[in-house]
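Notes to accompany the following structure.
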Amino acid sequence: MTHTLSREIRLKNRPEGMPRETDFELAEVKLAEIGEGEVLVQNMYMSVDPYMRGRMYDRKSYAPPFQLGKPLDGGSVGRVIESKKGPFQVGDYVLGMQGWREHFVSDGQGLVKVDPGMAPIQSYLGTLGMPGLTAYVGLLDIGRLKEGDTVFVSAASGAVGTVVCQIAKLKGCTVVGSAGSDEKVSWLLKEARVDAAFNYKKVDDIIAEVGKHCPKGIDVYFENVGGVHLEAALEHMNTHGRIVLCGMISMYNATKPVPGPNNLAYIIGKQLTMQGFIVIDHFDKMGQFHTHMGKWIAEGKIKWKETIVDGIENAPKAFIGLFKGENFGKMIVKIGPDPGK
């Protein structure tokens, strides 16, 4: 019987406040020989995402908490290197939720074959993956986007935000983005072609800054940050505006309750709709999403940025970097080379 050696990242401690690298541990395991109807996948890339922070608390949520001493999981894309009459053939590229490890055995449940010809394989963790679908569903279905709308996007240079900005522009909208560096602002203006963008870290009054760039008010606010960004959006929302609650990364590491916006009463007077959503409830839109994104990418209408960290041992560092703004676009960990090349 042959065994595959594989390394994985486990949760060692439940973080308090900002996670530390000591809250994780790298372990080596032996995988048993695959059985009939199974495949062995060698991961090439894995995703680290802000939502994973919530799974490090031992509490009930829309996703089960990570368990201490067990490997974490999350989006990954890899290549099938062995198959015993399994659902995929050797050489197939597959997307799944078996990240934070170098190899895994599967009966195929939860895996999806992806086309490396449409875009680089790691993009299925970002623009063509869950973040892209989050942007697509959030903006079009939850935000009920209409041509001519003014759209404000916080964390506009992130994995979700960059796609939101570009879809809104494709749909004939005015788009304003907030980001955390001059480099990110420059990319939004030149590559994503937003109408305006600003570095919130250099602004004394975010509420006034948003008003300056949205003189006709905001019809759709795509929320990724929370805090003063939400206050600013509420201040400038138009009547019957829609606020799409995707994330509030500024609060994820808080050790005590964070005060809410002091202007929530605007929701009543302006007759606003504010709705949160979880992308896993909308996976039925994946085919439609890939059809549209594939066309836009082929036409050169969608651009994206990636921050790639090399080595599974550096996955915790990459994850922590999300909360320090170290990522430009999607944060991805490269686990290993393409085993077929």
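Remember, predicted model here, so these are calculated numbers, not experimental data.
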Task: Pairwise distance OG1(Thr291) to CH2(Trp296) - rounded to 0.5 angstrom - done: 10.5 Å
- [ ] Dump the intermediate steps for side-chain contact (heavy atoms from CB on, under 4.5 Å) on Asp73 and Arg55, then the final yes or no.
- [x] CA-CA 10 Å; Asp73 57 56; Arg55 295 186 65 189; 2.8 Å; yes
Open item on the list: Is the shortest side-chain heavy-atom distance between Tyr266 and Glu231 below 4.5 Å?
Closed with: no
Open item on the list: Under a plain distance cut-off of 3.5 Å, with no hydrogens placed, do Ser154 and Tyr221 share a side-chain donor-acceptor pair?
Closed with: yes
Open item on the list: Closer than 3.5 angstrom, by distance alone: can the side chain of Ser6 be matched with the main-chain N or O of His103 as a donor-acceptor pair?
Closed with: yes
Task: Arg242 with Asp149: basic N within carboxylate O range, under 4.0 Å - done: yes
Open item on the list: I'd like to know if Lys12 pairs up with Asp23 as an ion pair, taking the criterion as any Lys NZ or Arg NE/NH1/NH2 lying under 4.0 Å from an Asp or Glu carboxylate oxygen.
Closed with: no
Open item on the list: Do Met293 and Leu140 land in one hydrophobic cluster if side-chain heavy atoms of ILVMFWY residues count as linked below 4.5 Å?
Closed with: yes
Open item on the list: Side chains of Leu139 and Val244, heavy atoms from C-beta outward: is any pair under 4.5 Å?
Closed with: no
Open item on the list: Taking Glu33 first and then Lys84, would you say they form a salt bridge - that is, a charged N and a carboxylate O separated by under 4.0 Å?
Closed with: yes
Task: Side-chain ion pair, Asp182 and Lys202, N-O less than 4.0 Å - done: yes
Task: Path from Phe222 to Ile278 over hydrophobic side-chain contacts below 4.5 Å - done: yes
Open item on the list: If I compare all heavy atoms of Val225 with all of Glu223, which pair ends up nearest, and what's the gap?
Closed with: N-OE1, 2.9 Å
TODO: For the pair Phe198 and His213, evaluate side-chain contact (heavy atoms from CB on, under 4.5 Å) and give the outcome as yes or no after the intermediate values.
DONE: CA-CA 9 Å; Phe198 62 91; His213 295 299; 3.7 Å; yes
Task: Euclidean distance, Asn263 CG relative to Met237 CE, rounded to 0.5 Å - done: 11.5 Å
Open item on the list: Assess, by modelled atom type and distance only, whether the side chains of Ser76 and Asn43 contain a donor and an acceptor separated by less than 3.5 Å.
Closed with: yes
Task: Salt bridge present between Lys303 and Glu191 (N-O < 4.0 angstrom) - done: yes
Task: Donor-acceptor pair, side chain of Ser123 and main chain of Gly126, under 3.5 angstrom - done: no
- [ ] Answer yes or no: is there a side-chain heavy-atom contact under 4.5 Å between Ile218 and Val151?
- [x] no
Task: Ion pair check, Arg79 and Asp338, cut-off under 4.0 Å - done: yes
Task: Reported CG-to-OG1 distance for the pair Asp195 and Thr150, which is rounded to 0.5 angstrom - done: 8.5 Å
Open item on the list: Check the orientation of Phe323 and Phe319. Use parallel for under 30°, tilted for 30 to 60°, and perpendicular for over 60°.
Closed with: perpendicular
- [ ] Give, for atom CD of Glu8 and atom CD of Glu25, the distance between the pair rounded to the nearest 0.5 Å.
- [x] 9.0 Å
Open item on the list: Under the side-chain hydrogen bond (donor to acceptor under 3.5 Å, both in side chains) test against Asp141, which residue among Gln275, His282, Lys285 passes?
Closed with: Lys285
TODO: Before giving the answer on side-chain contact (heavy atoms from CB on, under 4.5 Å), spell out for Thr307 and Glu326 the whole-Å C-alpha distance, their side-chain angles and the decisive distance to 0.1 Å.
DONE: CA-CA 8 Å; Thr307 300; Glu326 293 176 359; over 6 Å; no
TODO: List the steps and the verdict of side chain to side chain donor-acceptor pair (under 3.5 Å) for Glu209 and Tyr200.
DONE: CA-CA 9 Å; Glu209 188 74 12; Tyr200 73 89; over 6 Å; no
Task: Backbone N/O of Gly321 and side chain of Lys317: donor-acceptor pair under 3.5 Å - done: no
Open item on the list: I'd like to know if the side chain of Lys330 and the backbone of Val48 have a donor-acceptor N/O pair within less than 3.5 Å.
Closed with: yes
Task: Nearest non-hydrogen partners of Thr134 and Phe277, listed with the distance - done: O-CZ, 3.5 Å
TODO: Following the transitive rule for hydrophobic clusters with a side-chain heavy-atom cut-off under 4.5 Å over Ile, Leu, Val, Met, Phe, Trp and Tyr, establish whether Val203 and Ile207 coincide in one cluster.
DONE: no
- [ ] Look at the rings of Tyr51 and Tyr62 and say which category their plane angle falls in: under 30° parallel, 30 to 60° tilted, over 60° perpendicular.
- [x] tilted
Open item on the list: Between Met44 and Pro337, is there a side-chain heavy-atom distance shorter than 4.5 Å?
Closed with: no
Open item on the list: Using a 6.0 Å distance limit plus a 45 degree cone around the ring axis, check whether Arg53 lies over the aromatic ring of Tyr57.
Closed with: yes
Open item on the list: Any side-chain to backbone donor/acceptor pair from Lys270 onto Leu234? Under 3.5 Å, distance only.
Closed with: yes
TODO: Report yes or no: do Leu133 and Met46 belong to one cluster of Ile/Leu/Val/Met/Phe/Trp/Tyr joined by side chain heavy-atom distances under 4.5 Å?
DONE: yes
Task: Heavy atoms of other groups near Glu28 CD, more than 12 under 6.0 Å - done: yes
TODO: Keeping the roles fixed (side chain from Asp219, backbone from Gly241), state whether a donor-acceptor pair exists under 3.5 Å.
DONE: no
- [ ] With the side chain counted from C-beta on, respond yes when Ile9 and Leu26 share a heavy-atom pair under 4.5 Å apart, and no when they do not.
- [x] yes
Open item on the list: Checking the side chain of Tyr136 only, and the main-chain atoms of Ile167 only, is there a donor and an acceptor separated by less than 3.5 Å?
Closed with: no
Open item on the list: Could you check whether any side-chain N or O of Gln271 sits under 3.5 Å from a backbone N or O of Ile267, counting only pairs where one atom can act as donor and the other as acceptor?
Closed with: no
Task: Distance, nearest 0.5 Å, that separates SG of Cys214 from CD of Glu235 - done: 12.5 Å
Task: Flag side-chain contact, heavy atom, 4.5 Å: Ser157 against Trp187 - done: no
- [ ] Could you tell me the separation between the CG atom of Leu40 and the CD atom of Glu82, rounded to the nearest 0.5 Å?
- [x] 5.5 Å
TODO: Flag this pair as yes if the NZ/CZ of Arg101 is under 6.0 angstrom from the six-membered ring centre of Phe104 and inside a 45 degree cone about the axis; otherwise no.
DONE: no
Open item on the list: Please find the pair of heavy atoms, one from Val333 and one from Ala315, that lie closest to each other, and give the distance.
Closed with: CG2-CA, 3.9 Å
- [ ] Give the C-alpha distance, both sets of side-chain angles, the deciding distance and a yes or no for side-chain contact (heavy atoms from CB on, under 4.5 Å) between Met118 and Tyr124.
- [x] CA-CA 10 Å; Met118 185 183 297; Tyr124 284 95; 3.5 Å; yes
TODO: Report, as yes or no, whether the 6.0 Å neighbourhood of atom CD on Glu147 holds more than 12 heavy atoms from other residues, nucleotides or ligands.
DONE: no
TODO: Report whether Val279 and Val114 are members of the same hydrophobic cluster (ILVMFWY, side-chain heavy atoms less than 4.5 Å apart, transitive linking).
DONE: yes
Open item on the list: Between Glu102 and Arg7, does any NZ, NE, NH1 or NH2 come within less than 4.0 Å of an OD or OE carboxylate oxygen?
Closed with: yes
Task: Sidechain-backbone polar pair: Ser83 side chain, Phe88 backbone, donor-acceptor under 3.5 Å - done: yes
Task: Close side-chain approach of Leu170 and Ile302, heavy atoms under 4.5 Å - done: yes
TODO: Evaluate the side-chain proximity of Met18 to Ile320: yes if any heavy-atom separation is below 4.5 Å, no if none is.
DONE: yes
TODO: Heavy atoms only: give me the nearest Cys173-Lys146 pair and the separation to one decimal.
DONE: SG-O, 3.3 Å
Task: Residue pair Phe152 / Val210: nearest heavy atoms and the distance that separates them - done: CZ-CG2, 3.7 Å
TODO: Keeping the roles fixed (side chain from Lys85, backbone from Glu38), state whether a donor-acceptor pair exists under 3.5 Å.
DONE: no
Task: Non-hydrogen atoms of Gln89 and Val80 that approach each other most closely - done: O-CB, 3.4 Å
Task: Ion pair Glu16/Arg14, N-O distance below 4.0 Å - done: no
